[in-house]
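Right, one structure below, let's go through it.
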Amino acid sequence: MSKSSYPLKLPASVKKAAAELAASDGVSLNQFIAAAVAEKVGSLRAAREFLRERAGTAKPKDMLKYLRRAPKMPPADGDRP
């Protein structure tokens, strides 16, 4: 496995929390951050693949037929700008 360096700047509170969690897991802060990034990359790739498969051959314009069937209602109070 090849490795590369990346200077990472974190807010002090985030670094402190990550260091505490790393210590409680018995790993270095570097290992903890590397694992967290790998986990995030994996979940984003999995989500992208899931959505790509779920969409199939659908196109954004295909949504119009469903949107046209939606009830004509004003936005709810919490949804107004």
Side-chain angles (χ1 to χ4, degrees):
M1 167 174 69
S2 66
K3 297 180 180 184
S4 66
S5 295
Y6 181 81
L8 179 64
K9 295 183 181 190
L10 296 171
S13 60
V14 173
K15 183 179 182 237
K16 181 180 181 220
E20 289 170 359
L21 289 168
S24 71
D25 280 354
V27 298
S28 70
L29 179 58
N30 189 65
Q31 287 174 301
F32 182 82
I33 291 172
V37 170
E39 184 178 327
K40 183 68 173 186
V41 167
S43 66
L44 289 174
R45 284 183 175 166
R48 183 181 350 151
E49 186 59 31
F50 169 80
L51 293 172
R52 186 176 290 129
E53 287 176 13
R54 184 89 169 123
T57 59
K59 303 286 185 260
K61 67 178 183 169
D62 296 338
M63 286 270 299
L64 290 175
K65 69 180 177 183
Y66 297 104
L67 291 173
R68 288 186 185 111
R69 287 194 275 172
K72 305 286 189 250
M73 301 173 56
D77 289 336
D79 291 339
R80 295 178 193 276

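All values reported here derive from a predicted model rather than from experimental measurement.
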Do Val41 and Tyr6 share a hydrophobic cluster, counting only Ile, Leu, Val, Met, Phe, Trp and Tyr and linking them when any side-chain heavy atoms are less than 4.5 Å apart? yes
Residue list, side chain to side chain donor-acceptor pair (under 3.5 Å) with Glu53, at least two apart or on another chain: none
Give the minimum heavy-atom separation between Thr57 and Asp62, together with the two atoms involved. O-OD2, 4.3 Å
If you draw a 6.0 Å radius around NZ in Lys9, do more than 12 non-hydrogen atoms from other residues or ligands fall strictly inside? no
Quick one: do Val37 and Leu8 end up in the same hydrophobic cluster if we chain Ile, Leu, Val, Met, Phe, Trp and Tyr together by side-chain heavy atoms under 4.5 Å apart? yes
Taking atom CD of Glu39 as the centre, report whether more than 12 heavy atoms of other residues, nucleotides or ligands fall under 6.0 Å from it. no
Holding to salt bridge (charged side-chain N to carboxylate O under 4.0 Å, His left out), I want the full list of residues that pass it with Lys16, two or more places apart in sequence or in another chain. Glu20
Common cluster, Leu51/Tyr66, ILVMFWY with side-chain heavy-atom separation under 4.5 Å: no
Here the gap from Leu64 atom CG to Lys59 atom NZ, rounded to the nearest 0.5 Å, amounts to 14.0 Å
Where is the tightest heavy-atom contact between Ser28 and Ala22, given as atom of each residue plus distance? O-CB, 3.8 Å
Set of residues satisfying salt bridge (charged side-chain N to carboxylate O under 4.0 Å, His left out) with respect to Asp77, sequence neighbours excluded: Arg80
